[in-house]
S.K.: 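Sharing a structure, written as structure tokens. Questions coming.
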Amino acid sequence: MFSTAFLDLPALQGASGTVTLPGSKSISNRVLLLSALCQGTTVVHDLLDSDDTQVMLAALRHLGCGVDVQGTTVTINGLGGRAWPTEAIEFFMGNAGTAMRPLTAALAVQGGDFTLKGVPRMHERPIGDLVDALRELGCTIDYLGNTGYPPLRIGQPQLQLDKPIPVRGDVSSQFLTALLMALPLAATDRAITIEVIGELISKPYIEITLNLLARYGIQVERQGWEKFVIPAGSRYQSPGTIHVEADASSASYFIALGAIAKGDGIRIQGVGADSIQGDIRFMDAAAQMGANIISGPNWLEIQRGAWPLKGITLDCNHIPDAAMTLAVMALYADGPTTLRNIASWRVKETDRIAAMATESRKLGATVEEGPDWITIHPLPQGQWQRASIHTYDDHRVAMCFSLAAFNADQLPVRIEDPKCVAKTFPDYFEALFSVAHTSAHNIPVICIDGPTASGKGTLASRVAAALGYHYLDSGALYRVTAYAALQAGLTLEAADEAKIAELARRLPVRFEGEQVLLSNVDVTDAIRCEQGGMNASKVSVLPAVREALVDLQHSFQRLPGLLADGRDMGTVIFPNAPLKVFLTASAAQRAERRHKQLISKGFSANIDALRADLEARDARDTSRSVAPLKPAQDALQLDNSSLTIEASVEQVMVWWQSRQVFG
Ligand code: DC
């Protein structure tokens, strides 16, 4: 997951390959609650691991439910038949609507002393219609803040289930889902009827609910979309084992990707055209815009068809979440696209109509909006603008606008707060980068070099972390090469140059965080010692060895970008890098730092000797004939003698931002 403040997506040019999608959020949280309301044990496979499911799992644990998480398989030991908690419990629901609504209903029908709170945005998301319905049937619920909104306090109910229970269907279908999942708890000796007031929106989500209720032994009878009857004698029964489909809404980004990007097509694994999720119908809308899509039981394959895409006008009531993706596809169309009947967008994680309009305009688009519709005009070449996309803590805004990186003007796109995708798809950007491609000159490289002990390694890895970029420690490659050569019984002299180069060309090296692995063996300590540095310095003056490591070093230049640390990064390996930094510090300072470092590792050391050693090494490094230590001509000098590491990172970030200006 990218936890950086922002993520700069380089201009992308194509995409091909397979993505395996995480489990559906809607199915995951329903299955968790249903499993918790059952008697006995349910093993849930392919559960989504996300903020929303974490919120639900935490709440279920709080209630005393048995929860055992093993990767994406979760075993739930249900509460059915067990004592219901009598002590006061406070639940923190974050911004997870799919946990808040159904849990409120289930808790209110069972009764207890419960408080449900969330993040500030959750306290702005309406829940009054659900509370009204629950009060109508005798539940005790109080508002702790504004009337109609969380936080809520739940007490003991006096259920009156004889007359039909009215619930509004035109604000959020989650209210009806919540009642449908809660009321079987009270239907043991009588049938319960729910009547929907107003036109029911998002019907496909109700289909998911009914489908899953059936898997848990509850056969709801329905008359159209107006009346739902839970038969007398209903009782939750665990299905034993259940598999969660991949998220059809998440699939929309990769369906769109296949429709937009040049390449051999995209295959999506985990969900197919026969999915029980309504958002799968997004594929029809995408096909209408021009995508070529084929599907099997558990997969989809998408290729670019019509190009530019075709602008459409569509009633999106049946695909409210996935429809946001159409808004970004619309930027690549031949005419305007109008999405209608999307009033529910206004009460989601953020006001999504406003968000999509505002952010599309930043990219240069012309957008019109109304209370329940939006029209997006295409953006022709020459009119795209570099934009920093605000994401409103809304995963879908972030994922949608990543697709703007395919713009015809080949401009990068900044996504603010990229970690908001964790709500449903924590590894979204990793999945995108695994199939998207672009030419090397679009993938930024920042080079950092400097004399030994200047702190360039620390600086480079900190800047890499702040930008979400890959990190190449080129010195480690020379260290590992020397280590492998010695292991192979070679000397580190010119006599063995060809053999060492041969080794270097096929170096089975892998970096995992701080660890360096050679043929899967951890060699970190073996190469990070003083001797390791000396050995590296010997092999690094052999021209054939330097040549042999060039391809390996280039292979680190991957999306979304690279921090390259070492001697010739800015001069030989990445001469076109848009930012090169030459880090220096006085010999006295460097000696002091190295001294501290050695002492902290338990070695004895002498500052004066260290300083003399560093000065001798500087002299050797700058005067050597092969790859001498010298700043690239266009490098910016940073003397960090009196700077903290944070201040140095800040300076490099400021330089970088001044070269990457986003509107
Ligand atoms: O950065 P370091 O201390 O890990 O580097 C080890 C040796 O390798 C040092 O003598 C410099 C040399 N080196 C090089 O010649 N070219 C590079 N790109 C990186 C390091």
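Every number for a ligand or one of its atoms is a count from 1 in the order of the listing. All of these numbers come straight from a predicted model, not from anything done at the bench.
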S.K.: List ligand 1 atoms under 4.0 Å from D568, heavy atoms only on the residue side.
M.R.: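 The atoms of ligand 1 under 4.0 Å from a heavy atom of D568 are 18 (N).
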
S.K.: Looking only at N/O atoms, are R479 and ligand 1 under 3.5 Å apart anywhere?
M.R.: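 Checking ligand 1 against R479, an N or O pair does fall under 3.5 Å apart.
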
S.K.: Which of the atoms of ligand 1 are close to M569, meaning less than 4.0 Å from one of its heavy atoms?
M.R.: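 Answer, ordered by atom number: 18 (N).
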
S.K.: How about Q633: does its CD atom have over 12 heavy atoms from other parts shown lying under 6.0 Å from it?
M.R.: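 Not more than 12 within 6.0 Å, no.
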
S.K.: With no hydrogens and no angle check, is any side-chain donor or acceptor of H45 less than 3.5 Å from a backbone partner on V244?
M.R.: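 No, because the side chain of H45 does not come within donor-acceptor range (under 3.5 Å) of the backbone of V244.
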
S.K.: Which ligand 1 atoms are under 4.0 Å away from a heavy-atom of K456?
M.R.: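 Selected atoms, number and element: 1 (O).
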
S.K.: Return the residue, atom name and 0.1 Å-rounded distance of the protein heavy atom closest to atom 19 (C) of ligand 1.
M.R.: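 Ranking protein heavy atoms by distance from atom 19 (C) of ligand 1, first comes S474 OG, 3.3 Å.
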
S.K.: Out of S540, C447, A536, P451, whose heavy atom is nearest to atom 7 (C) of ligand 1?
M.R.: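 Looking at heavy atoms only, the winner is A536.
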
S.K.: For atom 10 (O) of ligand 1, what's the nearest protein heavy-atom neighbour? Residue, atom name and distance, please.
M.R.: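 Ranking protein heavy atoms by distance from atom 10 (O) of ligand 1, first comes S537 CB, 3.1 Å.
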
S.K.: Identify, for atom 17 (C) of ligand 1, the protein heavy atom at the shortest distance, and state residue, atom and that distance.
M.R.: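 That would be R567 CB, 3.2 Å.
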
S.K.: Measure the distance from atom 20 (C) of ligand 1 to every protein heavy atom, then report the residue, atom name and distance (to 0.1 Å) of the closest one.
M.R.: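 That would be G475 CA, 3.5 Å.
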
S.K.: If you measure every N or O of R624 against every N or O of ligand 1, does any of those distances drop under 3.5 Å?
M.R.: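 Min N/O separation from ligand 1 is below 3.5 Å for R624.
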
S.K.: For residues T481 and L549, determine if any side-chain heavy atom of one lies less than 4.5 Å from a side-chain heavy atom of the other.
M.R.: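 They are in contact (side-chain heavy atoms under 4.5 Å apart), so the answer is yes.
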
S.K.: Specify whether F425 and F254 have parallel, tilted or perpendicular ring planes, treating 30° as the upper limit for parallel and 60° as the lower limit for perpendicular.
M.R.: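 Tilted: the ring planes of F425 and F254 meet at 30° to 60°.
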
S.K.: Where the side chain of T4 meets the backbone of G468, is there a donor-acceptor pair that is under 3.5 Å apart?
M.R.: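 No, T4 side chain to G468 backbone: no donor-acceptor pair under 3.5 Å.
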
S.K.: Geometry only, no angles: is R546 polar-contacting ligand 1 at N/O separations under 3.5 Å?
M.R.: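 Checking ligand 1 against R546, an N or O pair does fall under 3.5 Å apart.
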
S.K.: Regarding ligand 1, does D621 bring an N or O atom to under 3.5 Å of one of the ligand's N or O atoms?
M.R.: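 The answer is no, given that D621 and ligand 1 share no N or O pair closer than 3.5 Å.
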
S.K.: Are W656 and F6 an aromatic pair by the rule of ring centers under 6.0 Å?
M.R.: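 Not close enough - the centres of the two rings lie 6.0 Å or further apart.
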
S.K.: Within less than 4.0 angstrom of ligand 1, does K538 place any heavy atom?
M.R.: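 Contact absent.
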
